[in-house]
Amino acid sequence: MYAHLAVLAIFVFLFSIVAGRVERSVFSGPMIFVTTGVVIGPVLGWFPGAATGSELRVLADLTLALFLFVDAANANLAALKRSFGIPSRMLLIGLPGAIGLGFCLAL
């Protein structure tokens, strides 16, 4: 597992070097990550795909955190300040409402 995380860390480091150029191209970061994952996984066979549930959970959590951080870092703050009502309603009313509705449906 540590070798896999090391390869992922090296790829993230290399991607961060060229991220500015990638941002100006027609490709996005997720497209490059998925393509690289397919190439080094099934095509080259570096990762056999026999991962445990806990390893997949760690990888999914790291991936989600990375993409949410990148998305938040690219947010347009001026537009957010102009339309502050919509995000605040989504977070203060919609999120608790969705959690409550999901809880009620689960019961």
Side-chain angles (χ1 to χ4, degrees):
M1 177 177 157
Y2 294 115
H4 297 156
L5 288 177
V7 170
L8 178 64
I10 290 169
F11 177 70
V12 169
F13 174 72
L14 293 174
F15 177 76
S16 68
I17 294 172
V18 296
R21 290 186 187 140
V22 170
E23 189 174 312
R24 292 186 297 269
S25 71
V26 296
F27 301 109
S28 67
M31 290 169 64
I32 292 176
F33 273 84
V34 168
T35 303
T36 303
V38 169
V39 168
I40 66 176
V43 174
L44 295 178
W46 287 1
F47 301 117
T52 64
S54 63
E55 291 173 342
L56 290 176
R57 171 77 188 243
V58 169
L59 183 62
D61 288 343
L62 289 174
T63 305
L64 179 63
L66 177 69
F67 285 121
L68 288 178
F69 177 76
V70 168
D71 192 39
N74 291 329
N76 187 351
L77 290 179
L80 182 62
K81 287 178 182 177
R82 280 194 311 270
S83 61
F84 185 71
I86 295 171
S88 62
R89 283 194 306 259
M90 288 172 57
L91 288 173
L92 298 175
I93 298 170
L95 181 62
I99 292 171
L101 183 63
F103 178 77
C104 291
L105 289 174
L107 285 177

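All values derive from a computational prediction rather than experimental measurement.
- Each of V22 and V38 belongs to its own hydrophobic cluster when Ile, Leu, Val, Met, Phe, Trp and Tyr are linked at side-chain heavy-atom distances under 4.5 angstrom.
- Hydrophobic clustering places F13 together with L66 (ILVMFWY residues linked when any side-chain heavy atoms are closer than 4.5 Å, directly or through intermediates).
- Pairs of residues two or more places apart, or lying in two chains, never qualify as salt bridge (Lys or Arg N to Asp or Glu O under 4.0 Å) while including a residue from residues 29-42.
- In this structure the side chain of L105 reaches within 4.5 angstrom of the side chain of L101, judged on heavy atoms.
- Side-chain heavy atoms closer than 4.5 Å link hydrophobic residues (I, L, V, M, F, W, Y) into clusters, and following such links, even through other members, never connects V43 to L8.
- Note on F15: it clusters hydrophobically with F27, by side-chain heavy-atom contacts below 4.5 Å among ILVMFWY residues.
- M31 CE: more than 12 foreign heavy atoms inside a 6.0 Å radius.
- Remark: the backbone N or O of I32 is not paired with any side-chain donor or acceptor of T35 at under 3.5 angstrom.
- V12 is connected to L14 through a chain of hydrophobic side-chain contacts under 4.5 Å among Ile, Leu, Val, Met, Phe, Trp and Tyr, so both are in one cluster.
- The CG atom of L91 sits 12.0 Å away from atom CD1 of I86, with the distance rounded to the nearest 0.5 Å.
- Taking OG1 of T63 as the start and CZ of F33 as the end, the distance is 8.5 Å to the nearest 0.5 Å.
- The environment of CZ in F67 is crowded: more than 12 heavy-atom neighbours from other residues, nucleotides or ligands sit within 6.0 Å.
- Interatomic distance, CG of L64 versus CG of L59, reported as 11.0 Å (0.5 Å rounding).
- Taking CD1 of I99 as the start and SG of C104 as the end, the distance is 12.0 Å to the nearest 0.5 Å.
- Between atom CD1 of residue I10 and atom CG of residue L5 there is a gap of 11.0 Å, rounded to the nearest 0.5 Å.
- The structure places CD1 of I40 at 7.5 Å from CZ of F11, a figure rounded to the nearest 0.5 Å.
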